[in-house]
Peer 1: 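For reference, the structure I am asking about is given below.
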Amino acid sequence: MHETAPRRLLVTSALPYANGHIHLGHLVEYIQTDIFVRFQKLRGNKAVYICADDTHGTAIMLRAKSEGRSEQDLIAEMQQAHRSDFDGFHVAFDHYGSTDCPTNRRLCGEIWQSLHAAGLIVRRDVQQLFDPTAGVFLADRFVKGTCPRCQAADQYGDSCEACGATYSPADLIDPRSTLSDGLPEVRSAEHLFVELEKMHGFLDEWTQRSGALAAPIANYLAGHFLGEALRDWDISRPAPYFGFEIPDFPGHYWYVWFDAPIGYLASTADWADAHGESFDAWWKPSAEGTGVEIHHFIGKDITYFHTLFWPAMLQAAGLQLPAGVHVHGFLTVNGQKMSKSRGTFILARTWLDHVDPEMLRYFYASKISGGIDDLDLDLNDFVAKANADIVGKIVNLASRTMRWLVESGLSASYPDDGGLFARAAAEGEDIAAAYDAGDLARAMRMIMQAADRANAFVDERQPWKLAKAGPDAAAELQDVASIAVNLFRQLMVYLAPVMPALAEEAAALVGGPILAWNDAQTPLVGCAVKPFQPLKARVTPEQIAAVLAASQQSTPASETSPNQASSKTKGSPMDDTVETPADAPSPSPLDAEPLAAECTIDDFTKVDLRVARVLSAEEVPEARKLLKLTVSLGGDTTRTIFAGIKGHHEPASLVDRLVVVVANLAPRKMKFGLSEGMVVAASGEGAEGVFLISPDTGALPGMRLR
RNA sequence: GGGCCCGUAGCUCAGCGGUUAGAGCAGGGGACUCAUAAUCCCUUGGUCGUGUGUUCGAUUCACACCGGGCCUACCA
């Protein structure tokens with residue numbers, strides 16, 4: 001039992017970026033944070049769950065432009081979608097704001113002044129490539145060209161994947177903008193920087209000794225950043241940019257990563273205003289210490305921002321430092337990175353359309369142990385575990401015993417259960433400690449062990465025999481069932497942070513609302529029991545198949561392709577589209593892959609299909625699926641093409657064969673070299689085999705298909 | 001190219017310097033029939049990725065290698 005005064009906790013999840021929908025990877029974070037907050041509230045602590053949409057940056061600007069609408073319109077729509085997804089998964093924020101709001105602008109200004117006052121801001125020229133056609137400055141990965149060192153073509157602006165050289169985009173030979181394909185020009189622009197090095201001493205101390213960071217994170221920071229001078233942080237972007245204009249630097253905007261974490265503050269401020277609370281009481285450390293704990297839950301990809309820049313900003317501004325930065329790993333599905341072609345890139349909405357969200361909450365909880373390891377959602381495992389644990393063990397306990405109490409209610413005093421209830425009650429503090437430490441897997445294990453004991457008890461006492469034995473056994477039957485139902489209720493208390501809806505429904509059948517963790521300490525006696533209702537339906541393989549099928553449908557053209565298997569939320573507004581192999585399981589080719597949207601003859605003629613002769617074909621030893629082909633388009637024109645047909649064709653059998661290639665496909669840098677086209681082949685979604693297309697005899701290399 | 005994480009039973013994971021390495025699920029056998037083909041009991045199964053080193057002692061620590069996953073921001 002906790003005798004101490006209630007704790008005050010301000011808890012955040014990373015702000016989801018307004019450029020994409022919530023997917024199962026994001027939910028690892030939001031679900032685990034929500035469980036933490038619900039747990040704290042159940043324990044009687046004062047906990048506030050704060051989040052917001054992250055709305056600024058180049059990606060939003062470009063997308064709004066391409067969709068012909070305002071940024072505000074875009075982010076408002078996305079916020080609505082995010083909130084609806086979170087609601088569906090019972091993620092209950094105390095406040096969900098937006099970084100594009102007046103409060104955030106005001107607080108950005110205040111923090112900015114603090115940074116100035118601390119003498120941390122410097123101004124410096126930066127040479128950067130500018131795309132005159134698109135009218136924007138180009139981040140390195142938006143520039144491609146020839147490597148100045150090894151002459152490899154089609155390299156990104158910062159480094160060469162062929163020879164490993166690193167350079168500035170301005171050094172590239174024949175640089176091109178990937179936005180417009182136009183020729184970028186070098187422009188010099190002034191940027192503002194935060195001199196993080198001036199905070200080095202503070203960061204050494206805070207990261208290594210505050211206790212806010214797990215050892216692996218602290219070690220990582222010590223080994224990779226704190227061992228040398230910290231680099232200045234470029235915090236401004238020249239117009240055009242979607243964000244807040246810097247008051248004392250007109251024409252320039254705060255970089256999205258400056259205003260995003262300040263969104264935690266702004267969202268708290270708006271929550272405080274709406275609930276008669278004081279912002280200062282939560283973020284301004286008082287002399288005697290307010291006792292507030294700030295907890296940030298983040299994915300490991302954004303560790304850098306939350307453990308160096310953010311604490312430095314808070315420190316400079318005289319604000320409360322985080323008590324804990326909880327870093328988690330990424331989600332894989334069926335052991336692999338989420339993939340659209342495999343149907344495992346699953347949006348929150350798609351899951352909600354087909355499968356019980358609380359089952360996913362439970363499954364995640366059963367696998368989250370507070371470390372930074374990746375978490376695997378094996379869908380077969382998911383079905384087995386959700387059904388076995390939740391339906392078979394927990395709900396079954398009520399399902400098999402409540403019926404005998406509808407008439408009589410619970411026994412007037414709690415019967416002798418051989419110490420079962422007391423044992424599970426005693427374990428309450430251990431389970432609580434596991435929840436508090438973020439080791440949800442351990443908490444779930446302990447809960448399931450208690451459920452096992454309860455089921456064994458029912459088996460041993462055989463209430464069904466007592467039911468048949470008539471009036472003489474009625475009292476014992478009532479006692480046995482009362483024990484089972486109390487053990488069930490106790491489990492519901494422990495499980496309530498993970499499965500709030502289930503707990504609520506169960507509470508409606510017997511005992512009333514679960515209000516406190518300590519409800520698990522005292523058995524219910526003498527109260528009424530309503531007829532049992534099936535509290536949870538089993539998850540079926542068909543539901544999972546439906547999710548995969550729905551996730552496999554091609555996304556609308558306006559949809560960007562978030563390239564993350566994580567809850568990554570920001571910082572990479574500039575994701576490229578992922579290149580994914582097409583190998584998905586499902587029946588009948590036409591059913592599995594419906595016809596694409598209608599296109600015009602003009603669309604078709606944009607694709608230049610040519611007959612080609614394979615000159616050579618060789619294995620790429622390190623590649624799982626690729627063969628390296630050299631094909632002739634007639635005359636001296638040859639192309640090197642990496643084709644994903646390894647395992648389906650023997651290289652030797654391909655030589656001299658006529659095939660069809662897409663001759664005007666943009667060259668694609670692949671791990672093993674540059675691919676200058678694509679060999680056309682037939683394959684079915686879910687069907688085995690890749691079948692090359694060959695022309696009739698008489699066709700010549702270079703002939704066009706029309 | 002750089003970096004991080006992980007490799008323990010068929011699967012998902014726990015253990016992390018010290019007696020015969022654990023759990024759940026799956027598999028095998030039995031029991032029960034109240035329950036959403038749920039539950040209970042028994043049971044098969046592992047040279048703890050490989051190699052060196054440190055140590056009285058290594059699954060546990062260090063290094064290397066192999067394999068897998070992930071990140072890579074104008075900043076790693």
Side-chain angles (χ1 to χ4, degrees), chain A residues 126-129 137-143 156-166 168-170 191 193-194 196 216-217 219-220 223-225 230-235 237 255-257 299-305 308-309 329-332 335-337 363 366-367 369 371-378 380-385 387-393 395-404 439 441-442 444-445 448-449 451-452 454-468 477 480-481 484 532 534-538 564-566 568 570-574:
Chain A
V126 171
Q127 303 275 327
Q128 199 177 359
L129 291 178
F137 281 94
L138 296 165
D140 285 0
R141 47 190 306 202
F142 278 84
V143 186
Y156 284 110
D158 53 348
S159 66
C160 174
E161 293 184 335
C163 73
T166 56
S168 121
H191 283 230
F193 291 79
V194 175
L196 206 59
I217 302 293
N219 293 343
Y220 156 70
H224 294 274
F225 296 102
L230 294 164
R231 270 171 259 189
D232 294 349
W233 182 29
D234 185 346
I235 205 175
R237 295 293 181 276
Y255 177 42
V256 58
W257 260 111
K300 63 185 179 184
D301 53 324
I302 56 176
T303 302
Y304 187 54
F305 292 95
L308 295 177
F309 295 145
F330 301 124
L331 179 73
T332 54
Q336 290 178 289
K337 190 171 168 174
F363 188 79
S366 76
K367 307 207 74 165
S369 55
I372 57 175
D373 295 352
D374 290 352
L375 182 161
D376 186 48
L377 170 60
D378 181 286
N380 292 324
D381 198 32
F382 165 76
V383 173
K385 195 168 179 62
N387 289 337
D389 289 0
I390 299 305
V391 179
K393 288 180 183 172
V395 173
N396 187 228
L397 205 50
S399 171
R400 67 194 302 203
T401 56
M402 268 184 163
R403 50 167 40 209
W404 292 305
D439 193 349
R442 181 173 156 76
M444 295 307 106
R445 253 179 271 136
M448 287 309 145
Q449 279 166 13
D452 285 345
N455 274 303
F457 167 83
V458 176
D459 258 59
E460 191 185 324
R461 299 291 291 268
Q462 306 185 45
W464 54 94
K465 288 197 174 163
L466 300 172
K468 287 174 186 160
L477 175 63
V480 170
F532 177 78
L535 293 168
K536 273 290 170 210
R538 303 173 70 76
Q564 68 262 38
S566 72
K568 174 175 179 175
K570 47 185 94 93
S572 56
M574 321 227 151

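Quantities reported herein were computed from a predicted structural model and do not represent experimental measurements.
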Peer 1: Could you identify the nucleotide paired to B:G27, looking across every strand shown and requiring Watson-Crick or G-U wobble geometry with both distances under 3.5 Å?
Peer 2: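 With both distances under 3.5 Å, B:G27 matches B:U43.
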Peer 1: Does the ring center of A:W257 lie less than 6.0 Å from the ring center of A:F309?
Peer 2: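 That pair fails the under 6.0 Å test.
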Peer 1: Closest nucleotide of RNA chain B for A:A384 versus for A:S369: which of these residues is on the 5' side?
Peer 2: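 By nearest-heavy-atom nucleotide position, the 5'-most residue is A:S369.
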Peer 1: Need the pair for B:G1. Rule: Watson-Crick or G-U wobble, both distances under 3.5 Å, any strand; none if unpaired.
Peer 2: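 Paired with B:U72.
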Peer 1: Which part of the nucleic acid does A:R445 contact within heavy-atom distance under 4.0 Å: base, sugar-phosphate only, or nothing?
Peer 2: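 Sugar-phosphate: the residue A:R445, judged by heavy atoms under 4.0 Å, touches backbone atoms but no base.
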Peer 1: For B:U33, give its Watson-Crick or G-U wobble partner with both distances under 3.5 Å, or none.
Peer 2: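 By the stated definition (distances under 3.5 Å), nothing pairs with B:U33.
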Peer 1: Just the rounded figure in Å: distance from P of B:C25 to CZ of A:F363.
Peer 2: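 To the nearest whole Å, that distance equals 14 Å.
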Peer 1: Between B:G57 and B:G1, how far is it from one P atom to the other, in whole Å?
Peer 2: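 Pairwise P distance, B:G57 against B:G1, rounds to 39 Å.
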Peer 1: When the C1' atoms of B:G17 and B:C56 are considered, how many whole Å apart are they?
Peer 2: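 About 12 Å, rounded to a whole number of Å.
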Peer 1: For A:L375 and B:C71, what is the distance between atoms CG and C1' respectively, to the nearest whole Å?
Peer 2: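 One finds 17 Å between C1' of B:C71 and CG of A:L375, rounded.
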Peer 1: B:C13, OP1 or OP2 - any side-chain N/O from A:K367 closer than 4.0 Å?
Peer 2: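 So the side-chain polar atoms of A:K367 do come within 4.0 Å of the phosphate oxygens OP1 or OP2 of B:C13, strictly under.
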Peer 1: Provide the closest heavy-atom pair for A:A451 versus A:K393 in the form atom of the first, atom of the second, distance.
Peer 2: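 Smallest interatomic distance, heavy atoms only, reads CB-CB, 4.2 Å.
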Peer 1: Might you point out which heavy atoms bring A:T303 and A:K300 nearest each other, and give the distance in Å?
Peer 2: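 Reported closest heavy-atom pair: OG1-O, 2.7 Å.
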Peer 1: Using a heavy-atom cut-off of under 4.0 Å over every strand shown, decide if A:R237 touches base, sugar-phosphate, or nothing.
Peer 2: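 Result for A:R237 = base.
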Peer 1: At less than 4.0 Å, is any side-chain N or O atom of A:S366 found next to OP1 or OP2 of B:U12? Yes or no.
Peer 2: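 It does not, given that no N or O in the side chain of A:S366 lies less than 4.0 Å from OP1 or OP2 of B:U12.
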Peer 1: Should A:F532 and A:R403 count as side-chain neighbours, where that means a heavy-atom distance under 4.5 Å?
Peer 2: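 Contact flag for A:F532/A:R403 side chains = no.
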Peer 1: Report the distance from atom CG of A:D374 to atom P of B:U12, rounded to the nearest whole Å.
Peer 2: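 It works out to 13 Å between those atoms.
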Peer 1: Quote, to the nearest angstrom, the P distance that separates B:G18 from B:A64.
Peer 2: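 It works out to 25 Å between them.
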Peer 1: With rounding to whole Å, what would you report as the distance between B:A73 and B:G68 at their P atoms?
Peer 2: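 Here B:A73 and B:G68 have their P atoms 24 Å from each other.
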Peer 1: Could you state the CG-P distance from A:L331 to B:U12, rounded to the nearest angstrom?
Peer 2: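 From A:L331 CG to B:U12 P: 14 Å.
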Peer 1: Would you call A:V126 and A:F193 a side-chain contact if the rule is heavy atoms closer than 4.5 Å?
Peer 2: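 Result yes, sub-4.5 Å side-chain heavy-atom pair found.
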Peer 1: Between B:U12 atom P and A:N380 atom CG, what is the distance in whole Å?
Peer 2: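 To the nearest whole Å, that distance equals 11 Å.
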Peer 1: What residues form a side chain to side chain contact (heavy atoms under 4.5 Å, CB included) with A:R400, not counting sequence neighbours?
Peer 2: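 In terms of side chain to side chain contact (heavy atoms under 4.5 Å, CB included), with neighbours along the sequence ignored, A:R400 is linked to A:N396, A:N455, A:V458, A:D459, A:W464.
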Peer 1: Using atom P in both nucleotides, what's the gap between B:G15 and B:G49 to the nearest angstrom?
Peer 2: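 The answer is 15 Å between these two P atoms.
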Peer 1: Tell me the interatomic distance from A:M448, atom CE, to B:A14, atom P, rounded to whole angstroms.
Peer 2: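 Spelled out: CE on A:M448 to P on B:A14 is 18 Å.
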Peer 1: Mind checking the P distance from B:U39 to B:A26? Whole angstroms is fine.
Peer 2: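 It comes out at 8 Å once rounded to the nearest Å.
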Peer 1: Rounded to the Å, how far apart are A:L196 CG and B:A73 P?
Peer 2: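 After rounding, the gap between these two atoms is 19 Å.
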Peer 1: Output the distance between atom CG (A:D374) and atom NZ (A:K367), rounded to the nearest 0.5 Å.
Peer 2: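 If I round to the nearest 0.5 Å, the distance is 11.5 Å.
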Peer 1: How long is the line joining CG of A:D378 and C1' of B:C11, in whole Å?
Peer 2: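 Going from A:D378 (CG) to B:C11 (C1'), I get 7 Å.
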Peer 1: Across all strands shown, which nucleotide pairs with B:A38 by Watson-Crick or G-U wobble geometry, both distances under 3.5 Å?
Peer 2: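 Pairing partner, where one exists within any strand: none, as none qualifies.
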Peer 1: When rounded to the nearest Å, what value does the distance between C1' atoms of B:C48 and B:C61 take?
Peer 2: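 Approximately 15 Å lies between the C1' atom of B:C48 and that of B:C61.
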Peer 1: I'd like the P distance from B:U59 over to B:C42, given in whole Å.
Peer 2: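 Nearest-Å result for B:C42 against B:U59 at atom P: 30 Å.
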Peer 1: Taking pairing as Watson-Crick or G-U wobble with both contacts under 3.5 Å, can you name the mate of B:U20, or confirm there isn't one?
Peer 2: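 Its partner: none found.
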Peer 1: What distance separates A:K468 NZ from A:K465 NZ, expressed to the nearest 0.5 Å?
Peer 2: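 Result: 8.5 Å between the selected atoms.
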Peer 1: Once each nucleotide of nucleotides 33-39 of chain B is scored for protein heavy atoms under 4.0 Å, what B/S/- sequence comes out, 5' to 3'?
Peer 2: SBBB-SB
Peer 1: According to the Watson-Crick and G-U wobble definitions, with both distances under 3.5 Å, which nucleotide is paired to B:C61?
Peer 2: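 Across all strands, the one nucleotide that pairs with B:C61 is B:G53.
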Peer 1: In terms of the nearest nucleotide of RNA chain B, which residue is placed more toward the 5' end: A:D381 or A:D439?
Peer 2: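 Upstream on the strand: A:D381.
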Peer 1: Are the charged groups of A:K385 and A:D381 less than 4.0 angstrom apart, N to O?
Peer 2: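 Between A:D381 and A:K385 there is no salt bridge, as every charged N stays at least 4.0 Å from the carboxylate O atoms.
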